[in-house]
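We number each residue from 1, following the sequence as shown.
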Amino acid sequence: MDTTKKPGILSGALVGGLLTAPLMVVLFLGDLIAGLPFVPLDLFDWLVRVLPGGLLTFGIDLMIDVLTVFAPNRVNAVAKTAEQIMGLALFLLIGVVAGALFFVIMRRRTESPGRFYAPGIIAGLIVGLPLIVISFDVNFTATASPIVSLIWLGIVFAAWGAGLNWVYNALLNLESEQDKATDTEVTVLSRRQFLVRLGSAAATFTVIGSGLGAVLNASAERTPVSPSTTDIDLAGDATDDAILELPNADATVQPAPGTRLEYTPVEDHYRTDISSRPPVIDEDWALAITGMVDSPLELTVDDLRNRYEEIEEYITLSCISNRIAGRAIGTTRWTGVSLQQVLEDVQLSPDAGYLKISSADGFYEYVSLELINEDERIMLAYEWDGQPLTPEHGYPLRIYIPDHYGMKQPKWITDIEAVSEWDEGYWVARGWSRTAIVRTTSVIDTVAVDSIYEENGAMLLPIGGIAHAGDRGVSQVEVKIDDGEWQGAQLRTPLSDLTWVVWRYDWEFTAGEHTFAVRCYEGDGTEQISRDEGTRPDGATGIHTMGESVSASK
Ligand SMILES: Nc1nc2c(c(=O)[nH]1)N[C@H]1C(S)=C(S)[C@@H](COP(=O)(O)O)O[C@H]1N2
Ligand SMILES: [Mo]
């Protein structure tokens with residue numbers, strides 16, 4: 001038969017794509033129903049781990065830029081979804097390329113296609129094998145046993161390859177039947193008809209399957225999630241009683257309308273993870289403290305609660321990749337125990353210099369014992385906002401280290417190992433700061449043009465936001481309007497000396513287009529860095545400015 005009439009590279013690409021969509025649905029359902037690995041997200045997570053830090057940062061920055069254009073106020077919320085979509089798209093692309101290659105190779109074959117789809121099954125396994133290896137490497141969410149997962153993935157990829165083979169054969173047979181008819185137009189049409197039918201079957205399966213998945217997912221999510229039973233009403237319509245719960249309830253300075261919430265609801269707290277989904281934690285989880293210690297320990301959360309004094313602190317956590325005025329910063333109440341106390345019980349060897357803290361998702365970081373010995377606030381935390389940590393935020397245990405960016409503070413801790421030598425932690429190895437000390441920044445959240453008010457005959461425009469300097473405190477915030485002088489703002493009593501500070505400045509305004517700028521000083525009077533610096537490697541610095549048009553009518 002004339003090879004030009006055999007199905008070619010484009011049909012292969014199309015068929016590859018059409019079969020990969022249902023393949024993803026099958027994998028997704030396997031995950032939901034039986035805790036089997038969901039390879040597309042594993043593929044993405046694997047890339048995140050192996051890409052060089054610079055390239056990865058470039059990619060993340062690009063994504064944040066794009067999201068900032070489309071969803072400026074919800075960048076963090078949307079970012080995870082965007083990552084997941086990229087994982088699916090990449091997986092689909094692999095299917096398309098594999099389909100194209102398969103058809104190209106099959107065209108070259110001279111023997112007639114067999115009935116058992118051996119070439120397809122082999123192709124499916126060739127594509128599947130590296131993906132299975134990757135999945136086993138980075139998947140921390142599958143609960144099925146590895147052997148079951150292996151068999152499942154082998155079968156699914158083989159079936160996908162057999163499907164490719166089946167479609168190839170079918171297209172080829174259509175061709176030869178049409179050869180007898182000698183009417184080329186009919187030939188083209190029926191091949192097209194076949195592909196259209198295949199496409200609608202694939203689409204139907206994909207839609208129904210993902211619909212089913214969505215339903216299963218929703219019912220699965222509803223059950224275990226603990227409602228936030230906090231009695232602090234964060235929406236602002238709290239009863240007076242509830243407001244008294246916060247330690248700065250008697251603060252006289254109120255946030256300017258439009259300032260971000262001083263106490264971040266856990267569900268709105270930013271997330272930065274190396275995985276698309278939180279790792280699944282073993283039911284018999286216990287923290288293991290090992291290495292250069294005389295008496296290694298295994299501690300459950302209950303052990304921690306019962307054996308050590310509980311400490312509680314209002315804390316602002318921020319990500320080193322948070323941009324000036326970004327939302328990758330949040331404040332909540334942390335509960336746990338002092339790491340110093342716990343370490344007393346393991347009898348560290350005098351030669352131990354660092355703790356290597358490892359997590360259920362493969363993340364790890366080194367903390368120096370010198371730092372731990374001088375700071376009793378360093379906390380193994382099991383609660384946020386008075387509730388056990390959520391799966392996203394590190395259940396069952398995470399560490400808090402004052403004055404450091406989040407990248408130094410593992411969530412989902414499984415092991416603490418005392419070691420003699422320092423080594424690079426997960427993000428340090430990828431080019432980020434070795435020390436990751438929080439940099440001092442201030443942000444304008446609002447120029448409240450809708451809340452202009454009159455006081456003593458003057459019309460005042462509230463301007464406000466936050467300033468943050470790790471545990472060094474904020475002593476002063478200043479605002480500059482257009483080319484005016486820097487003016488002192490009012491500082492609201494913070495929730496603690498480990499949180500951001502809410503500031504406001506009530507400006508006797510003039511109508512028109514204005515530019516607003518803010519800067520702050522640390523507790524000891526050190527001025528914040530005003531030079532613009534990007535997030536990598538040490539965290540962003542610079543003066544935040546904002547333009548706003550103010551009209552006199554309001
Ligand atoms: N195990 C683990 N811990 C981790 C991370 C992670 O990916 N895995 N991300 C770190 C980073 S970069 C930050 S900023 C904080 C974010 O904590 P959050 O997601 O609870 O806000 O967790 C840190 N701890
Ligand atoms: Mo981070």
Q. Counting N and O atoms only, with roles assigned by atom type, does the side chain of Gln409 sit under 3.5 Å from a partner on the main chain of Ile401, one being a donor and the other an acceptor?
A. yes
(Q) Apply side chain to side chain contact (heavy atoms under 4.5 Å, CB included) to residues Leu198 and Leu14 and explain how you reach the verdict. (A) CA-CA 10 Å; Leu198 180 71; Leu14 178 65; over 6 Å; no
Q | Nearest heavy-atom neighbours spanning Ala82 and Met63 | A | CB-SD, 4.0 Å
**Q.** Verdict with supporting geometry, Arg49 and Ser275, side chain to side chain donor-acceptor pair (under 3.5 Å)
**A.** CA-CA 9 Å; Arg49 282 163 173 75; Ser275 300; 3.0 Å; yes
Q: Before accepting this row, confirm whether a basic side-chain N of the pair Arg434/Glu424 lies closer than 4.0 Å to the acidic partner's carboxylate O.
A: yes
Q | Any donor-acceptor pair under 3.5 Å from Arg439 side chain to Gly539 backbone | A | yes
Q. Is there a side-chain contact between Tyr405 and Ser321, using heavy atoms and a 4.5 Å cut-off?
A. no
Q. Honestly, is Arg536 close enough over Trp432, meaning NZ or CZ under 6.0 Å from the six-membered ring centre and within 45° of the axis?
A. yes
Q) Going from CD1 on Ile94 to CG on Leu131, what distance comes out if it is rounded to the nearest 0.5 angstrom? A) 5.0 Å
Q.
For a quick check under 3.5 Å, do Thr20 and Trp160 share a side-chain donor-acceptor pair by atom type?
A. yes
Q: Please step through side chain to side chain contact (heavy atoms under 4.5 Å, CB included) for the pair Asn169 and Tyr117, ending with a clear verdict.
A: CA-CA 9 Å; Asn169 290 359; Tyr117 310 130; 3.7 Å; yes
Q: Working to the nearest 0.5 Å, report the span between OG1 of Thr390 and CH2 of Trp384.
A: 7.0 Å
Q | From CA spacing to verdict: side chain to side chain contact (heavy atoms under 4.5 Å, CB included), Tyr270, Leu317 | A | CA-CA 9 Å; Tyr270 85 90; Leu317 180 71; 3.5 Å; yes
Q: Measure the shortest side-chain to side-chain distance between Leu51 and Trp46 over non-hydrogen atoms and say whether it is less than 4.5 angstrom.
A: no
Q. How long is the gap from CG on Leu90 to CD1 on Ile85, to the nearest 0.5 Å?
A. 13.5 Å
Q: Go through the structure and list residues passing salt bridge (charged side-chain N to carboxylate O under 4.0 Å, His left out) with Asp445, not counting sequence neighbours.
A: Arg260, Arg327
Q) Can you tell me if Ser359 uses its side chain to pair, donor with acceptor, with the backbone of Asp361 under 3.5 Å? A) no
Q | Ser358 backbone acceptor or donor facing Thr414 side chain under 3.5 Å | A | yes
(Q) Quick one about Tyr263 and Asp385 (side-chain donor to acceptor, distance below 3.5 Å, no hydrogens or angles considered), yes or no? (A) yes
**Q.** Within 45° cone and under 6.0 Å: Lys411 NZ/CZ vs Phe363 ring
**A.** no
(Q) Quick check against the 3.5 Å criterion: does Glu417 have a side-chain atom that pairs as donor or acceptor with the backbone of Ile357? (A) no
Q. Under 4.5 Å between any side-chain heavy atoms of Thr515 and Met546, yes or no?
A. no
Q) Which pairs, with at least one residue in residues 539-550 and sequence neighbours excluded, count as a side-chain hydrogen bond (donor to acceptor under 3.5 Å, both in side chains)? A) none
Q: Please check if the side chain of Ser11 supplies one atom and the backbone of Pro7 the other of a donor-acceptor pair under 3.5 Å.
A: no
Q: Might you confirm whether atom CZ of Phe140 has over 12 heavy atoms from other residues, nucleotides or ligands at distances under 6.0 Å?
A: yes
Q) Got Trp500 and Val443 here, is their nearest side-chain heavy-atom distance under 4.5 Å? A) no
Q: Enter the distance from Thr332:OG1 to Ile315:CD1 here, rounded to the nearest 0.5 Å.
A: 9.0 Å
Q.
Show, in sequence, the C-alpha distance, side-chain angles and deciding distance for Glu365 and Lys408, and conclude whether the salt bridge (Lys or Arg N to Asp or Glu O under 4.0 Å) test is met.
A. CA-CA 6 Å; Glu365 186 47 82; Lys408 290 281 173 191; 3.5 Å; yes
(Q) To the nearest 0.5 Å, what is the distance between CD1 on Ile329 and CG on Asn322? (A) 6.0 Å
Q | Exam field: side chain Trp412 to backbone Pro391, donor-acceptor pair closer than 3.5 Å | A | yes
Q) Is there a donor-acceptor pair closer than 3.5 Å between any side-chain N or O of Thr259 and the backbone N or O of Pro255? A) no
Q) Cation over ring, Arg430 on Tyr426, under 6.0 Å and within 45°? A) yes
(Q) Counting neighbours of CD1 on Ile147 that are heavy atoms of other residues, nucleotides or ligands and sit closer than 6.0 Å, is the number greater than 12? (A) no
Could you list the donor-acceptor pairs under 3.5 angstrom formed between side-chain atoms of residues 27-44 and any protein atom two or more places apart in sequence or on another chain?
{"from": "Asp31", "atom 1": "OD2", "to": "Arg277", "atom 2": "NH1", "distance (Å)": "2.6"}
{"from": "Asp31", "atom 1": "OD2", "to": "Arg277", "atom 2": "NH2", "distance (Å)": "3.3"}
{"from": "Asp42", "atom 1": "OD1", "to": "Asn139", "atom 2": "ND2", "distance (Å)": "3.1"}
{"from": "Asp42", "atom 1": "OD2", "to": "Ser135", "atom 2": "OG", "distance (Å)": "2.8"}
{"from": "Asp42", "atom 1": "OD2", "to": "Asn139", "atom 2": "ND2", "distance (Å)": "2.9"}

Q | CA sep, side-chain torsions, deciding dist, call: Phe157, Ile121, side chain to side chain contact (heavy atoms under 4.5 Å, CB included) | A | CA-CA 8 Å; Phe157 279 104; Ile121 290 174; over 6 Å; no
Q) Do the side chain of Trp285 and the main chain of Ile413 share a donor and acceptor less than 3.5 angstrom apart? A) yes
(Q) Which label fits Tyr168 and Phe103: parallel for a plane angle under 30°, tilted from 30 to 60°, or perpendicular past 60°? (A) perpendicular
(Q) Looking at His393, is its backbone amide N or carbonyl O close enough to the side chain of Arg398 to form a donor-acceptor pair, meaning the two atoms are under 3.5 Å apart? (A) yes
